[in-house]
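Worksheet: the structure to be examined is printed underneath.
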Amino acid sequence: MSNEWPLWEIFIRGQHGMAHRHVGSLHAPDADMAIKNARDVYTRRNEGVSIWVVEAARITASSPSDKGPMYDPARSKVYRHPTFFDIPDDVEPM
Amino acid sequence: MYAQMIQSEKTDEDPRALAEFQARIDRGEKIEPKDWMPEGYRRTLIRQIGQHAHSEIVGQLPEGNWITRAPTLERKAILLAKVQDEAGHGLYLYCAAETLGISRDALTEKLLDGSMKYSSIFNYPTLTWADMGAVGWLVDGAAIMNQVPLQRTSFGPYSRAMIRICKEESFHQRQGYDIMMKMANGTPEQRRMAQNALDRFWYPSLMMFGPSDAESVHSAQNMAWKIKINTNDELRQKFVDQTVPQAEYLGLTIPDPDLKWNAETGHYDFSEPDWTEFFDVLKGDGPCNAERMEARRKAWDEGAWVREGLLAHARKKRAAKTAAE
Ligand SMILES: [Fe+2]
Ligand SMILES: [Fe+2]
């Protein structure tokens, strides 16, 4: 068994009302230590009000080679954007 | 620089794939860890980011040397924060390197067995408190010159690490210059210490950019891949142009009798550092190489029980939790 501490991905909420954002990763023996280390590594200048840590091995990511089949179908559906529809000026703001 | 003399690794992939890859870089797209990349690109980046990370970590030693002897509690707290930032820089960069498929332990082992280097600058001793000023002002100043353009590097994780680092570097340089101002305006003895620190750190700082690489094939490949953005000479010139007026403001003399403003080029002319010394230091024969490596080895060896103990504790805790479920 490897004796290297597992890798944790770190997510930080920068301010109240914002979503957590991925900021980087670090090694720690467990989740509690990962949070303590994340405090020291990623919030030395008040960059956060909340920290999430996720073991990197537990993350499932989409594969770059699936880019076409994954995202191309959305491209032709321009009607999903409000600008697709012309609303006459006479109509109240919509 | 923090990463000096990075040779680009050979790559022999399908020319069409290489051309497509190059086109992505030319379009300014970022390459992410799971994207296809040439083996040479991956290996060159591991070497460059690894060397950069090692430099941040080893770079804590010359400044750590003065934490317990800082002249005031405030200076001590500032220096401690600065050195802690450098530890953080090392960690950001190790993580970026790891996304390329090398483990943290492997990176550390490569530093300890000498197969990976760190910047030549950290093999010079810090003899007086004024050296804390010179290091922040000159060494971090030179690092900034190199790191600011690297924010635009093609590899996403490296670029993001550089952006974080650059946000923190300006504090480092300013606290150094602040120490220099205090010393340069202090007693005659303090003034002499400030001048002496500049005398000792000037040429080693110029060496940080590495020898002229105008002719280097490696440099051309690395620039095409956008893992090197400027030539060594460009950055060195920029550093000299920026630093000379700052030295003048301090009333200190740069230890180069041939240094003078060239109105024609709009730059300062200056003397090259002694490149024999640079290669000696890089080879391991600098004033502090043995001491620095000894300190890193000691930290790694004596920390082994902590790494193992915490991991064993975490496994035990997890096992107990699973059993309870
Ligand atoms: Fe740094
Ligand atoms: Fe720094």
Side-chain angles (χ1 to χ4, degrees), chain A residues 1-15 18-49 51-72 75, chain B residues 24 29-37 80-99 102-109 156-158 160-165 167-168 170-171 303-321:
Chain A
M1 209 184 296
S2 158
N3 267 329
E4 194 171 276
W5 290 350
L7 189 68
W8 300 78
E9 297 298 334
I10 312 302
F11 300 81
I12 290 185
R13 187 199 299 286
Q15 292 166 33
M18 305 291 280
H20 284 75
R21 226 178 60 139
H22 183 244
V23 293
S25 50
L26 51 76
H27 288 271
D30 58 28
D32 292 341
M33 284 295 290
I35 286 188
K36 288 193 177 94
N37 290 351
R39 199 272 314 256
D40 289 342
V41 179
Y42 292 108
T43 66
R44 290 194 301 281
R45 288 175 176 78
N46 274 315
E47 290 99 332
V49 295
I51 301 174
W52 286 350
V53 301
V54 182
E55 212 175 327
R58 305 254 176 150
I59 291 181
T60 310
S62 64
S63 132
S65 56
D66 287 348
K67 225 156 103 193
M70 285 279 272
Y71 309 112
D72 282 356
R75 239 180 247 225
Chain B
R24 287 194 61 194
E29 284 179 27
K30 293 283 182 232
I31 309 301
E32 295 298 338
K34 286 189 162 182
D35 295 351
W36 183 86
M37 63 185 80
L80 194 57
K82 197 263 185 197
V83 172
Q84 194 190 12
D85 273 356
E86 304 301 4
H89 296 179
L91 295 181
Y92 308 155
L93 287 161
Y94 280 133
C95 288
E98 285 176 84
T99 66
I102 185 165
S103 74
R104 176 76 60 93
D105 283 0
L107 285 163
T108 306
E109 278 152 18
Y158 193 25
R160 292 189 285 274
M162 284 328 318
I163 290 169
R164 285 197 80 86
I165 287 175
K167 275 196 200 139
E168 300 178 349
S170 168
F171 150 57
W305 70 272
V306 179
R307 295 193 298 276
E308 285 160 19
L310 284 175
L311 194 62
H313 176 68
R315 281 179 183 150
K316 217 160 110 184
K317 242 179 29 188
R318 194 177 314 157
K321 207 178 146 207

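Remember, it's a predicted structure, so these values are computed and weren't measured experimentally. All heavy atoms count here, side chains included; hydrogens, waters and symmetry mates do not.
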(message) As an exercise, state the distance from CD1 of A/I51 to CZ of A/R13, rounded to the nearest 0.5 Å.
(response) 12.0 Å
(message) Other residues, nucleotides and ligands only: do more than 12 of their heavy atoms fall within 6.0 Å of CZ on A/R21?
(response) no
(message) Taking side chain as everything from C-beta outward and backbone as N, CA, C, O, which of these in B/E98 sits under 4.5 Å from a heavy atom of chain A? Side chain, backbone, both or neither.
(response) side chain
(request) Please look at B/R164 and chain A and tell me whether the side chain, the backbone, both or neither of the residue comes under 4.5 angstrom of a heavy atom of that chain. (result) side chain
(request) Look at A/D32 together with B/K317 and state whether they make a salt bridge at an N to O cut-off of under 4.0 Å. (result) yes
(message) Counting heavy-atom pairs closer than 4.5 Å to chain A, which one of B/L310, B/L91, B/D35 comes out on top?
(response) B/L310
(request) Locate the shortest heavy-atom distance separating B/D105 from A/E4; write the atom from each residue and the value. (result) N-OE1, 2.7 Å
(request) Considering non-hydrogen atoms only, spot the tightest contact between A/A61 and B/K34 and give its length. (result) CB-NZ, 3.6 Å
(request) Measure B/T99 against the heavy atoms of chain A and call it side chain, backbone, both or neither at under 4.5 Å. (result) neither
(request) Heavy atoms only, distances under 4.5 angstrom: which of A/R45, A/M33, A/E47 has the most pairs with chain B? Name it, please. (result) A/R45
